[in-house]
Amino acid sequence: MTATSPEPDQGLPLSSRQEWCWEWDRCYPEPYPKAVSLDCSTTLRMRGPLDVGALREALAEVALRHDALRLRLLDSGTPVEQVVRPRQALRPEPFPLELMDVGDALRRRNLHEILVDLTTRPFEVTDRLSRATLLRLAADDHILLTSFHHLVFDEPSHQVHLRDLAHFYNRRVSAPGTGDIRPSLSYEDFVRTENTRRARLDTATRLAGWADRLRAHGSGNLLPGRTAGFLPLQHQYDSVRLDLSAEESRRLLRAARGERVSLYALLAAALARTLGGFYGRRRLILSTPSHGRVRPETRSAVGLFSNMIQIPVDLGQHSSSGLFRQVDSVLREAAAVVDLPFGRLAEAVLGREGDAAFYRHALAHAELRLYGVTGWIVDRRDHDIPLHGLRTGLVPYQQDFSQLKYATPQSSLAAAATLSVGLTMEAGRLTGALRYETTYHGRRTAEILADDFRGRLTDLARVGARRRGRPAEGSPPDRRGTR
């Protein structure tokens, strides 16, 4: 695809993936800190002689290359539309780069607090959906903070953006005028292709079929909690740790290979068994974010391609192997419908109550995220960012979501009822937690579910050991949670 330049204020609809993000944004009545910030930020520390002018010009070049970074929303009501800022609009002036000297501020506040404040500033969405700030800690010590609204950026975009930024910076300071990188996919053209008449008809047909399947698996039939009546719009969350040893983690990988399924499918089947036994359900829906970059040309583009996908699971299989294969197959089916607009799908399944928006997991009973091994989620911690003459590294930070508040009871209830399990492969072992809303589910329920889930994984690890001819004591019991 080639980049296009629309006339000023020519409306462009949201993409199917942006529509998911917009629904999520509408779940909250006010911007951060009263609601979650839909901000995707990278904090890159650079030690050494930084050429600020070259950095400014490199940021402008990246914005010229990726039209998603030139998007802004039109203030025209419903439906929401956007427009691409023309390339020539950036030519006379460098890409906006705010400079901040924080040397004195570090004597009063720590760096993490400063970064959280900067990354959680609301965007003026009708002006820009991206910004850059250069923090000067010392003459040879800087942090480049690049922030993007989720409407135009996803996790894989970080890697693309940093790679392109390094390319253009290095070209200016080390070898001016040499080489170039392949032109990027136009996000504008990506959106327009999705909105052709033929594409819309195809989407409508597939959406109706997937909506029927989700309804049959109990979408909208929330996991029961301990609350009755009104649920507070402001939530409180807690978690129960889920950690496996390095040996257990290796055995789980062997068990997945032995079953010829992904590790994610193995974990999803175990989690579904846990929830099904505890809540007495034979059908459940899990969800996970998918990177959604199914076309080769999207893998070198900045933009929002990810989407929430739903994994409907039938627990009626008589064997564990049958369940593993079913979940693995459904994962592939779910990946094939990653382009279905989440809001329209949720409305087809659940109906819409007034002007309420749909929480991002409204169609599922639980979320399962797996980092570091499957490709569903991109982990950017270890990416190399070679900037000429500089020592670089990413600076971690965490936002505070303790004041999370929803706009409507519909969004609040869907968020509170959805359990979330996140696991990461770190140093060869699976670590993570089961996260829950304390008012709705309660600590005891979370502990029972976490203990049962971990026990099932331990049993599967024993199977992995037996496949390698290792002795294992006893046979895997049939674990069933009791309420």
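All values derive from a computational prediction rather than experimental measurement. Residue numbers start at 1 and run along the sequence shown. When reading the values below, keep in mind they use all heavy atoms of this one structure, side chains included, and skip hydrogens, waters and symmetry mates.
Taking the charged nitrogens against the carboxylate oxygens, Asp328 and Arg332 do have a contact shorter than 4.0 Å, which makes a salt bridge. Under a 4.0 Å N-O distance rule, the pair Asp451/Arg454 does not qualify as a salt bridge. Between Glu248 and Arg251, no side-chain nitrogen of the basic residue sits less than 4.0 Å from a carboxylate oxygen of the acidic one, so the salt-bridge criterion is not met. With respect to Asp189 and Arg192, no salt bridge is recorded, no charged nitrogen being found less than 4.0 Å from a carboxylate O. Of the charged side-chain nitrogens involved, at least one lies within less than 4.0 Å of a carboxylate oxygen, so that Arg206 and Asp339 count as a salt-bridged pair. Ion pair Arg250/Glu247 flagged as a salt bridge, since at least one NZ, NE, NH1 or NH2 atom sits closer than 4.0 Å to an Asp/Glu carboxylate oxygen.
Taking OG from Ser130 and CG from Leu71, the interatomic distance works out to 9.0 Å, rounded to the nearest 0.5 Å. Atom CZ of Arg435 is separated from atom CG of Leu419 by 11.0 Å, given to the nearest 0.5 angstrom. We find the OG1-CZ distance between Thr146 and Phe153 to be 6.5 Å, quoted to the nearest 0.5 Å. Atoms CG and CG, on Leu460 and Leu267 in that order, are 8.5 Å from each other to the nearest 0.5 Å. In this structure, the separation between CG on Leu286 and NE2 on His217 is 10.5 Å, given to the nearest 0.5 Å. The OG1 atom of Thr288 sits 11.5 Å away from the CG atom of Asn307 when rounded to the nearest 0.5 Å.
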Show your working on side-chain contact (heavy atoms from CB on, under 4.5 Å) between Phe342 and Leu363 and close with a plain yes or no.
CA-CA 9 Å; Phe342 175 80; Leu363 294 171; 3.8 Å; yes

Can you check side-chain contact (heavy atoms from CB on, under 4.5 Å) on His361 and Met308, steps first, answer last? CA-CA 8 Å; His361 304 309; Met308 299 305 301; 3.0 Å; yes

- Task: Any chance you could lay out the side-chain contact (heavy atoms from CB on, under 4.5 Å) test for Asp243 and Arg429, step after step, and finish with the verdict?
- Result: CA-CA 8 Å; Asp243 297 320; Arg429 60 190 295 258; 3.8 Å; yes

Please lay out, stage by stage, how Asp238 and Thr438 fare under the test side chain to side chain donor-acceptor pair (under 3.5 Å). CA-CA 6 Å; Asp238 201 352; Thr438 56; over 6 Å; no

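For Arg444, the CZ atom sits in a loose shell: 12 or fewer heavy atoms of surrounding residues, nucleotides or ligands are nearer than 6.0 Å. Glu124 CD: 12 or fewer foreign heavy atoms inside a 6.0 Å radius. For Arg352, the CZ atom counts as densely surrounded, since its 6.0 Å shell holds more than 12 non-hydrogen atoms of other residues, nucleotides or ligands. The environment of Arg282 atom CZ is sparse: at most 12 non-hydrogen atoms of other residues, nucleotides or ligands sit within 6.0 angstrom.
Identified under the salt bridge (charged side-chain N to carboxylate O under 4.0 Å, His left out) test for residues 304-316, with sequence neighbours left out: Arg283-Asp314.
Centroid-to-centroid, the aromatic rings of His365 and Tyr279 stay 6.0 Å apart or farther. The ring of His150 has its center closer than 6.0 angstrom to the ring center of Trp20.
For the pair Asp459/Arg462, a side-chain contact is recorded, criterion being any heavy-atom separation below 4.5 Å from C-beta on. Side-chain atoms of Tyr436 and Thr445, non-hydrogen and from C-beta on, never get closer than 4.5 Å to each other. The closest side-chain heavy-atom distance from Phe324 to Leu266 is below 4.5 Å. Inter-residue side-chain proximity for Ile143 and Arg45 is flagged as met; some heavy-atom pair is nearer than 4.5 Å.
Phe123 carries Arg131 over the face of its six-membered ring, with the cationic atom under 6.0 Å from the centre and within 45° of the normal.
Ring orientation note: the planes of Tyr28 and Tyr406 are tilted relative to one another, at an angle of 30° to 60°.
The heavy-atom pair separating Ser306 from Asp154 by the smallest distance is N-OD2, 3.3 Å. When all heavy atoms of Trp22 and Leu14 are compared, the pair lying nearest together is CB-CD1, 3.8 Å. Contact detail for Leu350 and Gly220: the closest heavy-atom pair is CD2-CA, 3.4 Å. A pairwise comparison of heavy atoms in His235 and Ser412 identifies NE2-OG, 2.8 Å as the closest pair. The two atoms that bring Gln410 and Ala357 nearest to each other are OE1-O, 4.3 Å, heavy atoms only.
The closest side-chain donor-acceptor pair between Ser157 and Arg293 falls under 3.5 angstrom. Using a 3.5 Å distance cut-off with no hydrogens or angles, the side chains of Ser147 and Ser41 do pair a donor with an acceptor.
Among residues two or more places apart in sequence or in another chain, the ring-ring contact (aromatic ring centres under 6.0 Å, His included) test is passed with Tyr187 by Phe190, Phe305.
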